[in-house]
Amino acid sequence: MPISASGVGSGIDINSIVTQLMAVERKPLERLKTDQSSLQSSISAYGKVASAVSTFQDAVRALARSDKWQIYQASSSNSSSVSATATSNANEGNYALTVSQLAKSAQLASGTYTDETTVVGTGTLEISVGSIDSVTGAFTLQPGRSLVSVNVGDGSLKSIRNAINSANAGVTASIVNTGSGSRLVLTAKDTGAQNAIQITTTDSDGSNTNAAGLSRLAFIPSASAGSGKNLDSLQTAQDALFSVNGISASSPSNTARGIVEGITFNLLAETATAVSVSITKDAAAIQKSVGGLISAYNDLQKLIKDQTKFVEGAKTQSPLQGDNAAISILQRLRSTAFGQFSGQAGDFSRLSDVGVSVQTDGNLALDQTKWNAANNDPAKLARLFSSEGTTGNPNSLGFAKRLDALASEWLGTSGSITSRTDGLNRSIRSNQRNQEALENRLTQREARLRAQYQSMDSKVAGLQSLGTSVSQQLSALQQSLQNRN
């Protein structure tokens with residue numbers, strides 16, 4: 001490849017000339033790059049707006065459904081004996097609970113063996129979970145359950161434990177080191193009288209009920225000790241027994257559900273006297289949700305204002321300055337929040353009626369005095385936010401419902417945020433294509449300019465060489481004439 005030195009023949013700085021010419025011709029490309037940066041800033045800003053709208057919608061939905069207003073708290077006069085929780089189905093009230101018996105799980109233990117490697121016997125254990133008749137000892141399999149056969153492998157205490165735990169028989173097994181040896185302990189996974197344990201065996205020694213071999217782990221409640229009832233009963237399966245406002249009740253678990261609708265009583269200890277459990281509306285939780293809505297509203301409004309504001313004299317403006325879609329979101333947010341509610345006779349008509357009022361900076365704030373007064377009529381308060389509305393009357397829709405619908409509209413596939421973001425992305429792709437096409441043209445233009453200037457330089461160099469040759473010939477001719485004279 002020949003080495004070229006631009007401007008050698010003419011003395012002109014061709015590189016400088018071409019660079020300056022191309023700098024002028026690259027101006028449109030620089031504008032495209034500036035436009036692309038602005039488009040990307042706008043997309044980033046819309047991403048922030050979408051995130052803020054989503055956060056706002058989450059806060060709104062905490063108040064948009066009527067059941068969100070049914071928040072109750074439970075208090076107990078003796079929480080170490082009885083506690084409670086309440087769902088939206090509960091009702092306010094007071095309940096006196098007396099616990100006479102806690103629910104327990106069945107627990108059986110084997111005799112003592114030297115260690116966990118000691119062989120008890122080989123064969124199969126048949127484990128059943130069900131109820132035991134308190135008089136006859138007759139065992140009834142729990143409805144929906146079936147007998148589970150367990151092959152005990154080599155018959156060691158450890159092997160038996162592992163086999164039972166792998167069988168999913170509703171029973172767990174463990175080995176307890178007593179200090180003088182090891183015992184196998186079997187515990188029902190669930191509490192309650194219907195979770196008693198029966199164990200029969202198919203012993204390899206041919207005798208399935210005696211106190212030898214694998215049959216030493218048999219436990220047939222109706223049998224005699226040493227003849228099929230060979231495990232020690234450490235704890236009997238039993239239901240919890242208690243009374244609620246003097247009415248007797250039972251539960252297979254110490255977590256008693258369904259006794260009173262919407263309330264779960266946690267029975268922790270037997271009681272000598274009644275424990276008072278009070279269910280009341282959790283006004284603090286509801287106010288917290290309203291506070292969350294106010295905070296999210298203010299954050300969203302501030303973000304849009306910051307992204308759309310005009311800064312006089314600034315070299316660069318906010319990324320969404322003059323963006324009609326963003327400005328429209330802010331306007332609709334405000335007009336919706338400051339609208340009117342038309343519910344039942346005597347209902348609150350505006351958010352400001354319950355203390356949610358606009359400040360001079362456009363933010364919302366909660367007037368505690370008004371809010372406390374509105375809390376005296378929780379049904380009206382709930383309707384103001386969560387009313388489902390009536391057909392043909394948009395003002396009958398609760399404010400949280402309206403704001404939730406508005407956020408869904410903005411974030412939807414054809415919503416203003418999604419549509420605007422899609423449009424900006426299309427503009428970026430178009431801009432990128434224009435940049436690539438212009439880059440190609442500029443590369444070709446620069447190559448042509450350099451070729452033209454280099455051609456000119458070569459011609460000038462040729463002319464200079466010819467001029468030099470002519471000058472030399474003229475000088476030689478003049479000298480020759482002088483010599484003749």
Side-chain angles (χ1 to χ4, degrees), residues 70-110 128-140 142-143 145 170-174 176 178-179 183 185-198 219 221-222 225 229 231-285:
Q70 302 301 314
I71 302 175
Y72 296 93
Q73 61 183 351
S75 60
S76 171
S77 62
N78 184 355
S79 58
S80 62
S81 296
V82 179
S83 65
T85 57
T87 67
S88 60
N89 295 327
N91 290 297
E92 292 185 285
N94 295 303
Y95 305 91
L97 274 82
T98 302
V99 182
S100 57
Q101 176 178 290
L102 290 178
K104 294 181 181 179
S105 57
Q107 195 170 74
L108 307 173
S110 71
S128 305
V129 174
S131 57
I132 299 173
D133 187 287
S134 59
V135 177
T136 65
F139 180 86
T140 302
Q142 186 184 113
R145 282 190 177 273
V171 175
T172 60
S174 59
V176 177
T178 65
R183 300 183 72 183
V185 176
L186 306 177
T187 305
K189 288 184 177 180
D190 299 314
T191 59
Q194 281 206 330
N195 288 289
I197 303 170
Q198 174 173 275
F219 186 82
S222 60
K229 193 175 183 180
L231 294 176
D232 295 332
S233 177
L234 302 183
Q235 184 168 277
T236 302
Q238 63 184 35
D239 291 338
L241 302 178
F242 57 101
S243 66
V244 179
N245 291 346
I247 300 173
S248 296
S250 65
S251 169
S253 166
N254 290 316
T255 302
R257 298 183 177 90
I259 307 301
V260 178
E261 185 180 15
I263 303 174
T264 297
F265 296 111
N266 303 304
L267 312 178
L268 307 173
E270 295 177 0
T271 63
T273 58
V275 176
S276 177
V277 174
S278 179
I279 307 298
T280 57
K281 276 285 184 67
D282 192 349

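The figures that follow rest on heavy atoms only: side chains count, while hydrogens, waters and symmetry mates do not.
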Value for OG (S250) from CD1 (I259), rounded to nearest 0.5 Å, stands at 7.0 Å
Regarding S80 and N78, do their side chains bring together a donor and an acceptor under 3.5 Å, going by distance alone? yes
Crowded around K104 NZ? As in, over 12 foreign heavy atoms under 6.0 Å? no
Going by heavy atoms in the side chains, are S83 and L268 under 4.5 Å from each other? yes
Verify, without hydrogens or angle tests, whether T255 (side chain) and N266 (backbone) share a donor-acceptor contact under 3.5 angstrom. no
Any side-chain to backbone donor/acceptor pair from S100 onto L241? Under 3.5 Å, distance only. yes
Considering all heavy atoms of both residues, which atom of D239 and which atom of A193 are nearest to each other, and what is their separation? OD1-N, 2.8 Å
Going by heavy atoms in the side chains, are F219 and Q198 under 4.5 Å from each other? no
Taking the side chain as C-beta and beyond, is there a heavy-atom pair between D282 and Y72 under 4.5 Å? no
Tell me which one of L267, N245, T271 satisfies side chain to side chain contact (heavy atoms under 4.5 Å, CB included) with L97. L267
Keeping T264 on the side-chain end and T85 on the backbone end, is there a donor-acceptor pair under 3.5 Å? no
Nearest non-hydrogen partners of P221 and I132, listed with the distance: CG-CD1, 3.5 Å
Rounded distance (nearest 0.5 Å) linking atom OG1 of T140 with atom CD of Q194: 9.0 Å
Worked verdict on S76 versus V275 for side-chain contact (heavy atoms from CB on, under 4.5 Å): CA-CA 7 Å; S76 171; V275 176; 3.3 Å; yes
Nearest atoms (heavy-atom pairs only) where A74 meets A84: CB-O, 3.3 Å
Under 3.5 Å donor-acceptor, E92 side chain and K281 backbone: yes
Rounded to the nearest 0.5 Å, what's the gap from CD1 on I279 to CD on Q73? Could you check? 9.0 Å
Please examine the side chains of V82 and F242, heavy atoms only from C-beta on, and report whether any two atoms are closer than 4.5 Å. no
Contact check, side chains of T280 and S75, non-hydrogen atoms, under 4.5 Å: no
Can you tell me how far OG of S131 sits from CD of Q142, rounded to the nearest 0.5 angstrom? 8.5 Å
Rounding to 0.5 Å, atoms CD1 (I197) and CG (L231) come to a distance of 9.0 Å
Okay, side chain of Q70, backbone of A90: is any donor-acceptor separation there less than 3.5 Å? no
Separation between CG of D232 and CG of L108, rounded to the nearest 0.5 Å: 9.0 Å
How close do A285 and I71 get, heavy atom to heavy atom, and via which atoms? CB-CG2, 3.7 Å
Between S128 and F139, which heavy-atom pair has the shortest distance, and what is it? CB-CE2, 3.6 Å
I need the minimum non-hydrogen distance between S251 and A256, along with the two atoms involved. OG-CA, 3.8 Å
